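What follows is a single structure, written as structure tokens, with notes after it.
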Amino acid sequence: MTLSDLGEFGLIERIRARFPAPQRAVGIGDDCAVLPQRDGQESLVSTDMLIEGTHFLRDDITPYQLGWKSAAVNLSDIAAMGGNPTGTLLSLALPADLTVEWIDAFLDGYAAVSAGVPLLGGDTTASPDRICINVTVLGESPSGRGRLRSNAMEGDLICVTGPLGDSAAGLKAILEGVERDADVQALIDRHYLPLPRVAEGLRLAATPGVHAMMDISDGIGSDLKHILEASGPLQGKPSGHHPESPLLGATIDVPSLPLSPELQRVCARLGWDAAALAIGGGEDYELLFTCTPEAERSLDVPHTVIGVIRDLPGIEWRGAEGPVAGFDHFRKP
Ligand code: ADP
Ligand code: MG
């Protein structure tokens, strides 16, 4: 058996089975690990890796964009818990022929999206050819405030904080060498310069009735499944992940998925399926959350209601035209 049989999530599950989370902590399975502190706060930690050839093409992404994206995808995992980022660590494996100008531009992008979150350390090494970047992000949240993936409840509305599919369409445009008019460029920018929804996450976590939350890295087709699997009959339990008992499901109203005007125009022009990109495409880094209908009415965070949590397993894609899938790093297409 190889990793392509096991799949990315099968591999993570295999690791998780050997290393159970310590008591009172949230370990493998959520956007961040959550470690209770003595002072009524919880520490949040998460890490993410970007590899040349897998996550970006050196000839296409600018160093500024790469620095931005490296920090942004990590800050997004703190946002996904409703936490406050307190610092990052940056580890770099770099080929010796990179220019100093390249590094400076990388750090400009990293600093710009970090917006005052300090860089506290890291590690540096030479790489034989490919660039490899690993960022670890630290954050904090008042105890019990952080929003897990495992708290979705029957009857919750399912919401997202912004448009879906732009990043996937931007990636498709890069890979297919589509001519870059203003609309296509806007989609590519959404792919390379994602905005971590930190302020939105903090406001959502402070709203009673907002239950489960995560950031959209693999596409809602895949990410919503994570919320449903983590919630289920043991909902609210901090240990996070109960794939053996997925009793909750969801109905998603596909025509209500928020699509940017740029995505709609590019899809109309090139014959691309906007809904498929919005559902199956990843790296939007918007927040996906569930909340009571009362909480939804009082929210002061821009959002779109896209569906509802039901007590029937599976996801019903109401109004979808084709099959629906998310992203997995090891699965064969
Ligand atoms: P995200 O997209 O939010 O960054 P991932 O899909 O990368 O999350 O990971 C899902 C969960 O699995 C996270 O809790 C992460 O910490 C954990 N995880 C991923 N890879 C590993 C690994 N190699 N060892 C331990 N935990 C891992
Ligand atoms: Mg995440």
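All ligand and atom numbering here is 1-based and tracks the order in the structure. Keep in mind that what you see is a predicted model, and the values were worked out from it rather than measured.
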Vertex the Mg ion (ligand 2), ends Asp77/OD1 and Asp215/OD1: angle to nearest 10° comes to 100°
Under 4.0 Å between heavy atoms, the region of Arg18 that gets near ligand 1 turns out to be neither
Which atom of Asp31 approaches the Mg ion (ligand 2) most closely (N/O/S)
OD1
Residue, atom name and distance, where the atom is the protein heavy atom closest to atom 2 (O) of ligand 1
Ser217 OG, 2.8 Å
Charged N to carboxylate O under 4.0 angstrom, Arg149 versus Asp223?
no
Charged N to carboxylate O below 4.0 Å: is that the case for Arg265 and Asp183?
yes
The answer for which part of Leu11 has a heavy atom under 4.0 Å from ligand 1 is neither
Is the closest basic N to carboxylate O distance between Asp300 and Arg203 below 4.0 Å?
yes
Note the single closest protein heavy atom to atom 22 (C) of ligand 1, along with its residue, its atom name and the distance in Å.
Ile15 CD1, 3.8 Å
Would you mind checking if Asp60 and Arg180 are paired as a salt bridge, meaning a charged N to carboxylate O distance below 4.0 Å?
yes
I'd like to check atom 16 (O) of ligand 1 in this structure: does the protein have a heavy atom lying under 4.0 Å from it?
no
N/O of Asp30 under 3.5 Å from N/O of ligand 1, yes or no?
yes
Is Glu154 salt-bridged to Arg310, going by a charged N under 4.0 Å from an acidic O?
no
Name the closest protein heavy atom to atom 11 (C) of ligand 1, giving the residue it belongs to and the distance to 0.1 Å.
Gly29 N, 3.7 Å
Ion pair check, Arg190 and Glu286, cut-off under 4.0 Å
yes
Looking at atom 10 (C) of ligand 1, what's its closest protein heavy atom, distance included?
Ile12 CD1, 4.1 Å
Ligand 1 atoms nearer than 4.0 angstrom to some heavy atom of Asp31 are 3 (O)
Contact check, side chains of Val117 and Thr86, non-hydrogen atoms, under 4.5 Å
no
Heteroatom proximity flag, Asp48 to ligand 1, N/O under 3.5 Å
yes
I need the nearest protein heavy-atom contact for atom 25 (C) of ligand 1: residue, atom name and distance, please.
Ile28 CD1, 3.6 Å
Is atom CD of Glu294 surrounded by more than 12 heavy atoms (other residues, nucleotides or ligands) closer than 6.0 Å?
yes
For atom 4 (O) of ligand 1, is some protein heavy-atom partner under 4.0 Å away?
yes
For atom 8 (O) of ligand 1, what's the nearest protein heavy-atom neighbour? Residue, atom name and distance, please.
Arg149 NH2, 4.1 Å
Are side-chain N/O atoms of Glu200 and Thr161 paired as donor and acceptor at under 3.5 Å?
no
Centroid separation Phe289 to His211 less than 6.0 Å:
no
